[in-house]
Every structure is written in C-alpha cells, then in structure tokens.
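In each ligand, atom 1 is the first atom listed, and ligand 1 is the first ligand listed.
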Amino acid sequence: MPAQKYILLLLFVLIGRKAFSQNDIHSIYTLDPKNHYHDLADYTSVFTYAGNKPDDSIVISGKLNDSFKPLALLREKPQAYHTYWLRFSFIATDSINNWWLMLRDSTSSQGYQTQNCYVDVYFTDSLSQIITHERTGSFVPRSRKSVKKIPGLDRVLFSAIPGKMQTVYVKIYNEFDIADISIIPELRDQSLSLPRPQMGQMLYMLIGITGIFTILSFFFFFFVRERSYLFFGIYTFCLSQHYLILHPDIPFIDWYIPEHPWLSVPLFNLLALHSFIFFLWFGNSFVNLASLSKTTHKALKWFLITWSILTCIEFILMSVTHRFILSDYIVYLCMPVMLFFIVRFAFFKNVLARFYVAGAIWLIIFTVLGFLNNMAFSLPFNPWPIGQGGQLIIFSVGLAYKIRLNEKARAEGERIKQMDDIKSKFFANISHEFRTPLTLIQGPLKQIEETIQHKEGNASVEVPARHLKTMRRNTDRLLELVNQLLDLSKLDSGKMNLQVAKGDVLQLLKALSYSFESMAERKQIHYHVHYPDTTVIGYYDKDKLEKIFTNLLSNAFKYTPEKGTVAVNIEADDKRLRFYVEDSGPGIGKKELDKIFDRFYQVEGTEDKGSGIGLALVKELTELYRGQVSVSSEPGKGSRFKISLPIERNAFKEEELVTRDVETTTATTPSYIEEKAFVSINNKVTRTDLPLLLIVEDNAELRQFIKECLQTNYQLLEAADGSKGLAMAIEQIPDLIISDVMMPLMDGFAMAEKIKKDERTSHIPVILLTAKAGQQHKIEGLETGADDYLTKPFDAKELLVRIQNLIDQRKLLRKKFAGNIQLKPSEVTAKSIDEIFLSNVMNAIEQNMDEDEFGVEELAKECAMSRSQLHRKLVALIDKSPSDLIRQTRLLRAKELLEKKAATPSEVAFKVGFNSHTYFSKCFKEEFGISPSEV
Ligand code: ADP
C-alpha cells in the first residue's frame with residue numbers, strides 16, 4: 001500500500017533524525033600540538049535562537065546540551081539578532097600555551113572577512129566549571145577584550161594541560177546585519193601567521209588613495225580658494241572614513257572606534273550617506289550651478305540640506321536604538337532624486353557639467369557591477385577600485401581644468417582692468433593733447449572777436465600773421481591726432497587695407513628723411529641719413545610706409561636732447577626694404593621695451609610728449625604690411641628701431657595692388673613737427689613797478705600766448721618745466737605763479753606743493769592750468785596748495801581776472817599782517833608757514849634789539865635767505881622792507897618802555913639799538929608824531 005509505505009518512510013525519517021541527533025554524542029577532539037592548526041567544524045555543535053536570552057550560565061551548566069546539533073546541519077545563513085551557541089570539547093595531548101581560538105566564516109569564500117558584534121568564549125572543565133571567560137567582537141569595547149590588538153578577526157587566547165578535557169562554549173550575537181557571520185571555530189598556534197582579511201588589501205588601497213585625495217583637496221582649497229576643492233575634499237573624506245570604520249585597526253579610527261564600538265555602524269551610515277550628499281554639493285559648486293540654473297540650484301540646495309538633516313537624525317536614532325530606523329526610507333527617497341539631479345546636470349551645455357556627469361556615470365556603472373560581483377556574478381576584475389579610482393581621476397582632471405578656466409578668467413579680468421586703466425589714462429592724456437592746441441586756437445580767435453565787437457557783421461579785421469600761424473599749426477596737430485586715432489580704429493575693425501603700387505621706394509624715404517633736416521638744425525642734432533646709391537623700384541604702400549617712417553623719425557627727434565645724434569640707415573634688395581632709425585636719446589628700460597608698442601602706453605615721465613599711439617600704429621601697420629619691427633635700446637645710450645618690409649610683388653595679394661604707379665611726391669613732415677615754435681625764453685624784466693608773474697608751461701606756444709595776454713599789466717618770468725619753475729620762484733620770489741599741470745621733470749602739482757612748503761616762497765599764490773577737467777583733479781590741485789585752478793582751454797580774460805583777484809587778496813592779507821605787527825610785536829600767533837616765518841623774523845629782531853649793528857644783512861642770515869629774497873618776501877607779506885620793519889619794531893619797543901617809565905629816553909634809545917640819541921628822537925617823532933620825552 002502506497003499509503004503505508006509513505007507512513008513508514010516518514011517514520012523512518014523521523015526516527016532516523018531523532019536517532020541521528022541522539023547519536024550526535026558530543027565527540028571529544030584530541031588536540032595534538034604538534035599539529036599547529038585544527039579545524040573544529042566537524043566537532044562542533046550549535047544551538048541557535050532568536051534574541052539574546054537565556055542567561056549564559058544556564059547554557060554553560062550543560063542543561064541545554066540537548067538543544068545543540070551538529071554545525072554541519074545548520075543549513076540557513078546565520079542571521080543578525082540571533083544567538084549562536086557553539087560547543088566543542090577537546091583534550092590536549094601535550095601542554096598548550098596561549099593558542100588562538102578563532103572564528104571563521106562558513107559561507108563566504110573570503111574566510112575571515114568580518115568580525116561578529118559580540119563573542120563570549122567560556123572554557124569549562126569536566127565539571128562544567130568555568131576556567132576562563134574571554135570576550136571578543138567588534139562591538140565589545142577594547143578594554144573588555146582578551147586580545148586588545150586588532151585586526152578585525154574574532155580570536156581569543158587559551159591554554160591547556162595535557163589529558164584534561166575542556167568544553168568550550170562560544171556565544172555569538174550580532175546586532176545590525178553584517179555581511180557574513182563567522183561561526184566556525186578553529187584552534188591554532190600563535191606561531192602561525194594570522195590570516196589577513198582578504199578584502200582588506202583592496203580596501204586599504206582605496207582608503208589610502210581616497211585619503212590622499214582628501215588631503216590634496218583641502219590643500220588646494222587652502223591655496224587656490226576654489227570652493228569645489230573643499231566639497232570634493234569633504235566628499236572623499238566621507239568616502240575614506242566610511243571604509244575606515246570597517247577597519248578599526250587603522251590608527252586614526254583606532255583612537256575612537258575600538259572603545260566606542262556601538263558608534264561604528266551609525267557612523268558608517270552617517271558617512272556613507274554624506275558621501276552622496278557631498279558628492280552633490282561638490283557637483284553644485286564644481287559646475288557653478290547657480291550660474292547655470294537658479295531653480296535647479298535652489299532645489300538641489302534644499303534637497304541636500306533636508307537629506308543631511310534626516311541622516312543626522314537617523315544617526316542619533318541608531319546610536320540610541322542600535323537599529324536602522326529611517327535609513328531605508330532615506331535611501332529609497334533620496335537615491336532617485338539624486339539620480340534626477342545627475343540627469344539634470346547632463347542637460348547643461350557646459351564642459352564642467354559634462355566632466356561631472358562623466359564621473360558620476362563612471363561611478364554608477366562600476367557600483368552596479370560591484371554589487372553584481374558581490375551578489376553572484378563573479379567578474380574577472382574587481383569593479384569597486386576601478387569605479388572609485390576612475391572617478392577620482394576624472395574629477396581631479398575636471399578640477400584642474402576648472403582652475404585653468406578660473407585662471408584664464410582672472411587673467412582676462414585683469415587684462416580688461418589694465419586695459420581700462422590704460423584707456424582712462426589715455427583719455428586724460430589725449431584730452432590734454434586736445435586742449436592745449438584748442439587753447440591756442442581759441443585764444444587768438446577770442447582776441448580777434450574782441451577787436452570786432454563793435455563793428456558791423458561783415459567788417460574785416462587785421463589778424464597778426466603769427467596768430468594765424470599758431471592757429472594753423474594747432475589745427476594741424478589736432479587733425480594729426482584725430483587721424484592717428486582713426487587709423488587705430490580702422491585697424492581694429494579690419495577696414496585698413498594695403499594699397500601697394502610700383503615705384504621708387506628709396507626716393508620716398510629720402511624725401512621723408514630730408515624733411516626732418518630743418519628740425520635737426522633747430523634742435524642742433526647731428527642727423528645722418530645713409531642709403532644705397534641706386535634706385536629701388538618695388539611695390540609699396542605709400543601711406544603706410546610714410547606713417548611708419550615718420551612716426552619713428554619724429555620719436556627719435558622728440559626724445560633726443562639738443563646736440564644729440566639721429567641716424568637713418570636704409571637698405572634694400574629685390575625682396576625687402578630695411579631701415580633703421582637710431583638715436584642717442586634717453587633710451588628705453590628693459591621692462592618698458594615690451595610695452596612701448598602697446599596702444600596708449602607711455603614710458604613714465606614722458607606722458608607730456610605724446611599720446612602713446614605712435615609706436616602702436618607703427619607696429620600694427622608693419623604687421624598689416626607683413627613686415628617686422630624690432631627695437632634694441634639701452635637706457636642712457638639711445639634706441640634703435642629696425643623695420644623690414646617686403647617690396648616684391650609676390651608678397652602682396654591681388655586685391656592689394658593698385659594699378660596706378662605711385663608718384664613720389666616730395667614728402668613733408670607734419671606741420672606741427674616742422675614748425676613747432678621754439679620760442680626762446682626771455683626773462684628780462686623791464687618795468688619794475690608792475691607785479692612780477694612767473695609762467696611755468698612746457699608748451700612754448702602756449703607760454704608765448706599767455707605772455708602776450710599778460711605783458712601789458714605785469715612783469716613776466718618764464719620757465720619750461722616744474723623744476724626750473726621752482727628754482728626760478730625761489731630765486732626771484734615772484735608775486736604770482738601760473739603753471740601748467742602736466743610737465744616733464746616735475747609736474748604742476750609737485751611744484752605747487754614744494755612752493756607752498758618752502759618758507760621763502762610759501763606766500764606766493766599759484767594758479768594751475770590743466771587739461772584734466774575732473775573734479776578729482778581740481779581737489780588734488782587745491783590740496784597741494786594751489787590757490788586757483790583754470791581748465792584748458794581757458795579764457796584769457798578769466799585768467800586776468802583771477803590773477804587780479806589773487807593779487808588783491810594778497811594786499812588785504814598784507815594789511816592784516818602789518819596791523820598785527822604794529823599791535824603786538826612779540827605776539828604774532830603762528831599758524832601758517834607765513835605766520836611762522838613772520839614770528840621768526842620778529843623774534844630775531846627782538847633778540848637783537850640792543851645790537852645797533854643788527855641790520856638787514858644779519859636778519860636775512862638769521863632767516864637763511866638772501867637779502868633780496870627776504871626783501872621780496874616781507875614786502876609781499878606786510879608791505880614793509882626789512883630795514884623798515886627793524887626800525888619800526890625798535891621804535892615800538894622804545895615806546896612801550898617809555899610808557900612803562902622803565903628808563904630815561906637816552907637809556908631806552910640804547911636798549912633798542914640806537915647809538916645816537918638825536919637820530920632816535922628824529923625817527924621816533926616821524927613814527928609817532930611826538931618826541932620820546934613827551935611820552
Ligand atoms: P608717444 O606719442 O607718447 O611718443 P609712442 O607710441 O610713439 O608714444 O612711444 C611710446 C613710448 O616709447 C613713449 O612714451 C616714449 O617714452 C618711448 N619712446 C618711443 N621712441 C623713443 C625713442 N626714440 N627714445 C626713447 N624713448 C622712446
């Protein structure tokens with residue numbers, strides 16, 4: 001009967017199982033120490049249940065021995081929150097000292113991969129008495145472990161006496177799901193080397209590499225100040241630390257995890273999740289998300305903050321309960337959102353975003369492969385290190401690229417700023433360039449206008465020829481400037497084209513060279529021109545060649561001082577034209593040599609001489625011409641500019657050729673160069689009763705023009721630069737100074753400041769003339785002590801009015817000072833330099849009151865001035881000559897003494913330095929209207 005058969009079979013199985021389990025009499029293992037390694041899998045029985053009860057003592061007492069079954073019958077994988085009791089007995093054949101009892105993992109091929117959370121090992125004797133109780137396990141604080149040294153292996157020490165049986169109970173309990181639970185006991189001699197956890201090798205490498213990246217990232221953040229490095233550093237830190245926590249034998253982790261083992265899993269969770277969070281923070285800052293999409297940036301920010309807060313809450317909950325509470329929800333919720341953001345990044349058309357997405361995709365691919373490898377599909381390579389290492393490399397390259405981009409942007413920013421600086425400097429200078437000729441045109445025009453003020457509309461006037469010339473020269477200068485500027489802008493817009501034609505190129509250059517001869521003569525410059533003795537027929541662009549050549553030559557003349565040398569050397573063959581322009585001028589410093597061809601660049605101190613366009617034009621025109629320009633120069637010795645230009649037909653494109661032959665017209669230098677007025681300085685003072693004015697202006701024409709405006713009302717002195725002006729002011733003590741601001745050697749500001757600080761000249765009013773119209777400059781001028789300020793082009797009448805005003809003001813001041821002295825000779829309160837000067841003068845007189853020898857010469861000496869300087873200064877300040885002042889002071893003191901009745905008139909006369917009583921009486925009467933005895 002089949003039914004019976006089945007019942008029998010079932011019975012057989014049941015009985016068989018029962019019999020088998022009963023037959024599993026605990027067999028005793030014989031431990032022969034000659035053999036250093038003993039696997040006890042087959043001699044161990046196991047008793048398992050959920051939870052962590054009953055008490056250990058009950059199990060060890062042997063009361064539950066029946067519940068143990070052979071370890072080999074344990075089919076299911078060991079789980080967390082279950083207790084596994086192992087039991088085996090052994091008798092040693094020889095004495096054993098400090099051997100290891102270790103636990104190995106049954107299921108994984110990796111053997112000693114992980115530690116259990118809690119392991120208690122009881123060695124008992126045949127009477128179930130405990131011999132030793134040892135503890136190990138990753139959650140057991142180090143101080144409670146029998147083996148304090150870690151690597152992550154479950155092991156305890158034991159010893160045995162020969163012939164004595166020991167029964168060993170091992171209790172294993174795990175909180176948290178750890179990958180593999182080790183439950184196979186083995187005994188081994190300490191002399192055997194410990195098996196290293198296999199997975200460890202790779203992990204150590206990863207930890208090492210990630211750690212290095214962390215350090216480097218923080219280092220770079222510190223020095224480069226690029227925030228993405230900071231986030232990348234935190235990301236790699238979380239990554240390396242969360243690996244580390246699995247391996248508490250590494251020094252850093254060793255300091256806090258072993259004694260606080262409960263921390264490790266919550267911390268692992270916290271760091272693992274934050275590595276994701278900071279991976280996204282890194283992306284946000286790396287691609288500069290805020291600049292790509294404000295909404296995505298905002299959304300990502302809030303998402304990451306929320307994620308981070310949730311993860312921290314989970315950390316606290318886990319630490320308290322030793323269970324995962326929110327982790328699953330966090331992962332299920334946040335991972336898809338994270339993927340969404342990575343996909344969003346992929347849609348930005350931005351190189352950095354692409355880098356980031358590439359790194360992220362790499363990481364995702366190898367993480368998936370890694371999980372597959374861990375689960376079942378064993379791959380021929382380990383995907384984890386490739387994934388980690390690869391992303392680190394991709395992001396490092398990305399970061400380096402970003403730094404380069406930043407550098408570029410910064411350099412560009414700096415370049416723009418520099419360009420702006422140069423431009424604004426240029427505008428200030430160019431306005432000066434414009435304003436000076438404009439003044440010189442406007443001035444004569446106004447004068448003409450005044451002469452026809454009362455005449456009919458169509459009345460004709462006579463204009464002095466020199467005025468017409470001045471105006472013409474200055475309109476030419478303006479036109480030249482405007483043309484240069486237009487050339488530059490044409491070059492910029494690409495509208496400047498070559499227009500070459502066939503002709504005798506040498507003839508043109510010769511003509512141009514000769515046109516500078518009169519200039520050489522006027523400046524007394526040795527001027528040599530060398531050229532081949534043939535005709536050179538070639539293709540050339542007359543306009544550009546002329547501009548290049550005259551610009552170089554006029555620079556040479558402009559910068560070479562009188563009696564210097566300028567030489568032009570022209571060479572030519574069939575293919576090329578070369579010329580050198582050499583001068584013995586001041587030369588150009590090495591640092592400046594690179595820059596003189598930049599637009600608007602001017603060597604410091606030469607700003608007044610040009611606009612900084614000439615050489616830029618030369619260079620850009622030469623480049624357009626497909627030629628070369630070079631310069632060699634040594635400060636103090638001179639400069640040499642060399643130009644090489646093609647003149648053969650093949651060098652030019654078809655459209656650059658002009659059919660008409662170039663007629664070589666006799667070239668002339670620009671009129672402003674040719675005729676620049678070299679008006680000599682004439683400082684002869686004729687009418688001495690008029691106020692003395694000093695004009696300091698480097699532009700000879702403008703100086704001349706100012707002179708013409710003022711010469712009827714004033715005596716005039718002239719100086720061509722600030723330092724000469726200052727010297728002349730000190731020497732001559734003029735009544736007023738009119739000075740330009742932009743001048744060579746010393747500008748107007750510096751001169752005014754020096755004048756105001758010098759005791760000899762401090763009283764002299766200064767009017768500054770400038771092209772810089774800005775308020776800032778005005779303030780700068782007034783701060784340095786200038787008394788007034790006029791912007792070019794100025795009105796001659798206005799200048800006259802201002803001069804008169806200042807001179808009138810001085811008169812008032814003089815009265816004030818003079819009054820002061822009369823009232824209290826010894827108490828002139830010192831405030832300004834002038835007042836200090838006066839009080840010094842008064843003190844000097846008072847101290848020498850009784851010296852009849854003390855006169856003007858001595859007073860001048862005491863004041864460290866010459867007689868005439870002192871004279872002019874005192875007259876300017878108090879309208880009194882030094883001798884008058886000395887006499888008056890003496891008499892005032894005499895009057896004071898007489899009023900006090902301190903002495904007889906003849907004694908007083910002697911006291912105040914009069915050695916003749918009659919002379920004293922005479923002077924006293926003159927001054928006060930009464931004789932000394934009447935006081
Ligand atoms: P600028 O119109 O101011 O002369 P350039 O472009 O012609 O402008 O020259 C630029 C700078 O180069 C000038 O400020 C000047 O200092 C310097 N430089 C040009 N040529 C010479 C030269 N032959 N000798 C000395 N310095 C020169």
Side-chain angles (χ1 to χ4, degrees), residues 419 421-423 425-434 436-437 476-489 491 513 516 519-520 523 525-529 544 546-569 579-623 629-643 669-670 672-673 676 698-699 721 742-745 747 771:
M419 206 58 209
D421 283 353
I422 290 176
K423 271 191 186 153
K425 210 171 154 191
F426 164 74
F427 280 123
N429 289 335
I430 206 81
S431 62
H432 183 267
E433 288 293 299
F434 278 120
T436 305
D476 285 353
R477 170 74 190 128
L478 285 179
L479 195 62
E480 176 67 24
L481 262 173
V482 171
N483 283 342
Q484 281 194 338
L485 288 174
L486 276 178
D487 280 350
L488 279 187
S489 98
L491 276 164
S513 311
F516 278 84
M519 164 92 104
K523 272 194 95 179
I525 282 176
H526 304 284
Y527 180 42
H528 312 282
V529 185
K544 273 104 206 161
E546 216 175 274
K547 279 177 180 151
I548 295 170
F549 192 75
T550 45
N551 260 310
L552 287 182
L553 210 49
S554 47
N555 266 358
F557 277 102
K558 190 159 58 174
Y559 293 105
T560 306
E562 281 183 17
K563 306 219 164 62
T565 314
V566 172
V568 179
N569 225 318
F579 56 86
Y580 313 82
V581 177
E582 231 173 313
D583 65 60
S584 66
I588 303 157
K590 243 198 185 134
K591 264 197 215 153
E592 272 113 8
L593 267 187
D594 294 341
K595 299 184 198 153
I596 52 170
F597 292 108
D598 292 352
R599 288 183 183 191
F600 316 135
Y601 182 81
Q602 293 180 294
V603 174
E604 253 184 67
T606 64
E607 289 92 339
D608 57 298
K609 292 211 164 146
S611 45
I613 305 177
L615 286 182
L617 209 53
V618 167
K619 177 156 187 264
E620 289 180 39
L621 286 174
T622 317
E623 275 167 7
V629 55
S630 61
V631 55
S632 55
S633 181
E634 219 177 300
K637 292 209 168 145
S639 323
R640 178 184 160 104
F641 287 83
K642 184 180 162 190
I643 299 274
T669 42
Y672 72 93
I673 292 176
K676 191 150 184 172
D698 59 327
N699 184 307
D721 62 62
M742 285 172 69
M743 287 182 298
L745 297 177
D747 67 18

(request) Assess whether atom NZ of K558 is packed by more than 12 heavy atoms of other residues, nucleotides or ligands within 6.0 Å. (result) yes
(message) F641 versus ligand 1: do any nitrogen or oxygen atoms come within less than 3.5 Å of each other?
(response) no
(message) Under 4.0 Å from a heavy atom of I588: which atoms of ligand 1 are those, numbered in the order shown and with their elements?
(response) 18 (N), 25 (C), 26 (N), 27 (C)
(request) Indicate the atoms forming the closest heavy-atom contact of H526 with K563, along with that distance. (result) CD2-O, 3.7 Å
(message) Using modelled atom types and a 3.5 Å cut-off, is there a donor and acceptor pairing between side-chain atoms of T565 and backbone atoms of D583?
(response) no
(request) Output yes when a side-chain donor or acceptor of K523 lies under 3.5 Å from a complementary backbone atom of T560, and no otherwise. (result) yes
(request) Examine the proximity of ligand 1 to Y601 and report which part, side chain or backbone, both or neither, has a heavy atom under 4.0 Å away. (result) backbone
(request) Please confirm whether L615 comes within less than 3.5 Å of ligand 1 when only nitrogen or oxygen atoms on both sides are compared. (result) yes
(message) Give the atom numbers and elements of ligand 1 that come within less than 4.0 Å of a heavy atom of G614.
(response) 5 (P), 6 (O), 7 (O)
(message) Would P586 count as a polar contact of ligand 1, with the cut-off being nitrogen or oxygen pairs under 3.5 Å?
(response) no
(request) Please identify which atoms of ligand 1 are closer than 4.0 Å to at least one heavy atom of S639. (result) 22 (C), 24 (N), 25 (C)
(request) Please identify each residue that fulfils ring-ring contact (aromatic ring centres under 6.0 Å, His included) with F557, with sequence neighbours left out. (result) F516, Y527
(message) With a heavy-atom distance limit of 4.0 Å, tell me whether K558 approaches ligand 1 through its side chain, its backbone, both, or neither.
(response) side chain
(message) Quick check: closest heavy atoms across L553 and S513, and the distance to 0.1 Å?
(response) CD2-CA, 4.2 Å
(request) Could you check L621, D487, L617 and say which one makes a side chain to side chain contact (heavy atoms under 4.5 Å, CB included) with K544? (result) L621
(message) When you measure from the heavy atoms of G585 to every atom of ligand 1, does any distance fall below 4.0 Å?
(response) no
(message) Once you restrict to heavy atoms under 4.0 Å, what part of D583 touches ligand 1? Side chain, backbone, both or neither.
(response) side chain
